[in-house]
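Lettering follows sequence order; numbering is per chain, from 1.
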Amino acid sequence: MVRGVACGTAVAVGHPAPTVPCVSTTLTSRYAVVALGVVLLSGCGAAGRSQQGAASAAALSFERSVADDPGKACRLLAPKTRQDLESDGPCPQSLREQDLPQAHAVRRTQVFGTDAMAELDGDTLFLALFPDGWRVTAAGCKPQATDRPYDCTVKGT
Amino acid sequence: MRWLREQGLTLAFTVLLLGALAGQAVSGLAQVNEQAADAGLAMMSMAQYLTSSSFAVDVAENWQSEYLQFLLYIVLTVWLLQRGSPESKPLDSAGRESDEKQKVGQYAAPGAAAWAKVGGWRRSVYSHSLGVVMGVAFLGSWSAQFVAGRSAYNSEQIQDLQAPAGWLEYAKAPDFWNRTLQNWQSEFLAVASMVVFSIYLRERGSPESKPVGEPHGSTGIEG
């Protein structure tokens with residue numbers, strides 16, 4: 001499925017800036033829209049950066065809540081992901097049993113429209129934008145071989 | 001009323017363009033939201049969809065191929081000929097042609113554009129302005145396809161729990177080249193069909209066709 005505006009940059013929250021900064025697409029995405037001549041300006045500049053900040057904040061909030069307040073962490077899950085967890089019992093309890101890796105800082109967040117990937121110091125999360133904010137679609141994700149999906153402990157099926 | 005009649009071709013195609021774009025927007029949004037529902041993701045509004053990379057790449061990939069088609073057609077027909085086709089120049093006219101035939105400089109008609117009457121760089125620029133503008137439009141829309149295509153592709157990658165592609169990676173990605181080439185092939189087919197069909201077939205009254213009674217072998221004659 002294809003969604004979202006052309007915007008993908010990195011942001012660091014509670015952590016030094018990444019050594020390899022993600023290339024900002026703010027200008028280039030605007031160029032794309034101008035070249036097209038019909039598509040309204042995506043507002044990928046400030047809005048894009050604010051979405052990166054919001055996605056990073058949601059990722060960090062989720063990681064911090066898993067141990068301290070699993071109920072809150074459950075509320076930060078995307079509906080389908082939460083539904084999947086609840087098939088094994090109440091969400092907070094199931095989430096605690098997943099033994100997710102701990103993370104304390106965001107290294108890099110890439111946002112493309114309504115989808116984001118947040119790389120933290122101890123975990124990688126995938127997120128999606130909902131009307132009430134960013135929600136975690138997958139957590140506890142480890143990279144596999146090139147061109148293979150991440151192997152995630154928590155995800156919606 | 002007279003103005004409408006004299007601008008009819010432009011107006012008709014502008015209306016068709018807007019109608020088709022509106023239809024593409026409505027059907028595209030429905031498709032995107034159908035997929036969002038299946039994946040348990042949020043629905044998009046029309047405003048969100050119109051500013052999305054998904055819509056942008058679908059528009060741009062078609063635009064770039066149209067401008068490429070016209071660019072190639074404009075430039076290649078300077079030198080390449082086709083016996084019997086009204087799309088070709090007469091068989092003895094290949095090339096840039098003389099100033100007299102092109103009506104530039106001292107041969108310019110009274111109502112000619114100012115830059116056609118003068119010499120130097122201004123005449124050179126004006127002599128290639130159609131090709132240059134088509135070329136810029138092609139490169140602009142192809143670039144737009146690349147930028148929006150990467151964003152749309154990465155959106156899908158993330159939904160599939162895969163890492164997003166960088167610029168260089170996307171430049172080599174099948175997604176970019178498949179979107180590009182599937183449009184190019186259809187444009188080249190359309191041009192080749194038009195060149196060949198118009199040798200033998202006629203559309204009475206159309207300037208794109210030879211007059212109905214014109215022999216198949218006549219070249220460079222339009223109705």
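Residue A/Ala116 comes nearest to B/Ile158 through the heavy atom pair O-CG2, 3.4 Å, listed as atom of the first residue, atom of the second, then distance. Taking all atoms of both residues into account, the shortest heavy-atom contact from A/Ala128 to B/Leu41 is CB-CD2, 3.5 Å. Between B/Leu161 and A/Ala138 the shortest heavy-atom distance is CD2-CB, 3.6 Å.
Atom OH of B/Tyr67 sits in a sparse spot, with 12 or fewer heavy atoms from other residues, nucleotides or ligands closer than 6.0 Å. Other residues, nucleotides and ligands place more than 12 heavy atoms under 6.0 Å from the OH atom of B/Tyr73. Around NZ of B/Lys101, the count of heavy atoms belonging to other residues, nucleotides or ligands within 6.0 Å exceeds 12. Shown here is B/Phe197, whose CZ atom has no more than 12 heavy atoms of other residues, nucleotides or ligands within 6.0 Å. Shown here is B/Gln182, whose CD atom has more than 12 heavy atoms of other residues, nucleotides or ligands within 6.0 Å. For NZ of B/Lys103, the number of neighbouring non-hydrogen atoms (other residues, nucleotides, ligands) closer than 6.0 Å is 12 at most. More than 12 heavy atoms of other residues, nucleotides or ligands sit less than 6.0 Å from atom CD of B/Gln7. Counting non-hydrogen atoms of neighbouring residues, nucleotides and ligands closer than 6.0 angstrom, the OH atom of B/Tyr170 exceeds 12 such neighbours.
Heavy atoms closer than 4.5 Å to chain B are found in the side chain of A/Cys152, but not in its backbone. Contact of B/Asp58 with chain A is not made at all, since no heavy-atom distance falls under 4.5 Å. Only the backbone of A/Arg148 comes within contact range of chain B, with at least one heavy atom under 4.5 Å from a heavy atom of that chain. Using a 4.5 Å cut-off between heavy atoms, B/Ala163 touches chain A through backbone and side chain atoms alike.
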Test side chain to side chain contact (heavy atoms under 4.5 Å, CB included) applied to B/Asn154 and A/Gln110, step by step: CA-CA 10 Å; B/Asn154 281 342; A/Gln110 296 184 75; 5.7 Å; no
Could you walk me through whether B/Arg150 and A/Phe112 satisfy the side chain to side chain contact (heavy atoms under 4.5 Å, CB included) test, starting with their C-alpha distance in whole Å, then the side-chain angles of each, then the deciding distance to 0.1 Å, before giving a yes or no? CA-CA 9 Å; B/Arg150 174 178 170 262; A/Phe112 294 94; 3.8 Å; yes
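Options A/Glu119, A/Met117, A/Gln144 differ in how many heavy-atom pairs under 4.5 Å they form with chain B, and the most are formed by A/Met117.
The only option from A/Thr137, A/Thr114, A/Asp115 that meets the side chain to side chain donor-acceptor pair (under 3.5 Å) definition with B/Gln159 turns out to be A/Asp115.
The contact list for residues 61-75 of chain A toward chain B, using heavy atoms and a distance under 4.5 Å, is empty.
A/Lys80 places a side-chain N or O within 3.5 Å of a backbone atom of B/Asp38 that can act as its donor or acceptor partner.
Put simply, CD on B/Gln157 and CG on A/Asp147 are 7.5 Å apart, with the number rounded to the nearest 0.5 Å.
In this structure, the salt bridge (Lys or Arg N to Asp or Glu O under 4.0 Å) partners of A/Glu86, at least two apart in sequence or on a different chain, are A/Arg82.
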